[in-house]
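Take a look at the structure below.
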Amino acid sequence: MSDKSSTNRIPHTGLPLAAATLTGVVALYIALVAFGNITDFGTNQEFVRHVLAMDTTFKDPDLMGRAITSRTWQDAAYLAIIAWETLTALVLIAATALWARGMRRRDRLARARLVSTVGLLMLLLLFGAGFLAIGGEWFSMWQSKTWNGLEAATRNVTLAGIALLVVHLPGAAGGGSTEAGGGSTEAGEGAEAGETA
């Protein structure tokens, strides 16, 4: 009876706590971003409109064909961003709750890691692919002195990237060595994957 509970206890490292804290910080941040965009809709609506219209870039004729000047499409893009931010926040809040509940039992941390990974990758897609690549390069946001969100996007990508690395460090989800016969959840999953491959 006591052997079973002892094999499911987390090794005394700070990694699960660090992963939980970083996930929670990113969850709080993106939740506040989404809340701000919902309650102060007009501020970032103008940002998105100007970026997509490319009206404060160098206006190179070879690039201006990329501009989206339709207010309908601009606002649809903004609404999609807000929806993505909100969904990301909900996923990361759920992940934070899973970390908190799983701090005492290793077998519950694998799920926290999985949900954290999904949420953090969603954030990386939004700010890495959406703002840095599409906004920054395709719509030439880097050329604008007024409507340029590249610095903020880089901070977000950096924060999410660091959190993702910590979440995937060995031992963050309770992996690593266990007592004889205990095994780790990740090792079991790896064995199953090997059999099906």
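These values consider heavy atoms only, across backbone and side chains, with no hydrogens, waters or symmetry-generated copies.
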[X] side, atom [atom1]; [Y] side, atom [atom2] - distance, nearest 0.5 Å:
X: Ile30; Y: Asn156; atom1: CD1; atom2: CG; answer: 6.5 Å
X: Leu32; Y: Asn37; atom1: CG; atom2: CG; answer: 11.0 Å
X: Arg113; Y: His168; atom1: CZ; atom2: NE2; answer: 6.0 Å
X: Arg66; Y: Ile134; atom1: CZ; atom2: CD1; answer: 12.0 Å
X: Ser140; Y: Asp60; atom1: OG; atom2: CG; answer: 8.0 Å
X: Leu92; Y: Leu123; atom1: CG; atom2: CG; answer: 7.0 Å

Do the side chains of [X] and [Y] join up, straight or via other hydrophobic residues, at under 4.5 Å, putting them in one cluster?
X: Leu22; Y: Leu90; answer: no
X: Leu120; Y: Val118; answer: yes
X: Val167; Y: Ile162; answer: no
X: Leu87; Y: Leu79; answer: yes
X: Trp142; Y: Val48; answer: yes

In the structure I gave you, are the side-chain heavy atoms of [X] and [Y] within less than 4.5 Å of one another anywhere?
X: Thr57; Y: Leu63; result: no
X: Leu126; Y: Thr88; result: no
X: Glu85; Y: Ile82; result: yes
X: Ser116; Y: Trp99; result: yes
X: Phe47; Y: Met141; result: yes
X: Val51; Y: Gln74; result: no
X: Leu125; Y: Met122; result: no
X: Met54; Y: Lys59; result: no

Item to check | Donor-acceptor under 3.5 Å (Tyr29 side chain, Gly24 main chain) | outcome: no

Item to check | CZ (Phe35) with more than 12 external heavy atoms under 6.0 Å | outcome: no

Checklist entry - Are Thr86 and Ile38 close enough, and set up right, to give a side chain to side chain contact (heavy atoms under 4.5 Å, CB included), and what steps lead you there? => result CA-CA 10 Å; Thr86 303; Ile38 292 167; 4.1 Å; yes

Checklist entry - Is the shortest distance from a Lys or Arg side-chain nitrogen in Asp55 or Arg49 to a carboxylate oxygen in the other one below 4.0 Å? => result no

Smallest separation among heavy atoms of [X] and [Y], with atom names:
X: Phe131; Y: Leu150; answer: O-CD2, 3.8 Å
X: Pro170; Y: Leu15; answer: O-CD1, 3.2 Å
X: Ala31; Y: Ile93; answer: CB-CD1, 4.5 Å
X: Ala19; Y: Ala172; answer: CB-CB, 4.4 Å
X: Ala153; Y: Leu132; answer: CB-CD2, 3.8 Å
X: Ala95; Y: Val115; answer: CB-CG1, 3.7 Å

Item to check | Residues His50 and Ser144: side-chain donor-acceptor under 3.5 angstrom | outcome: no

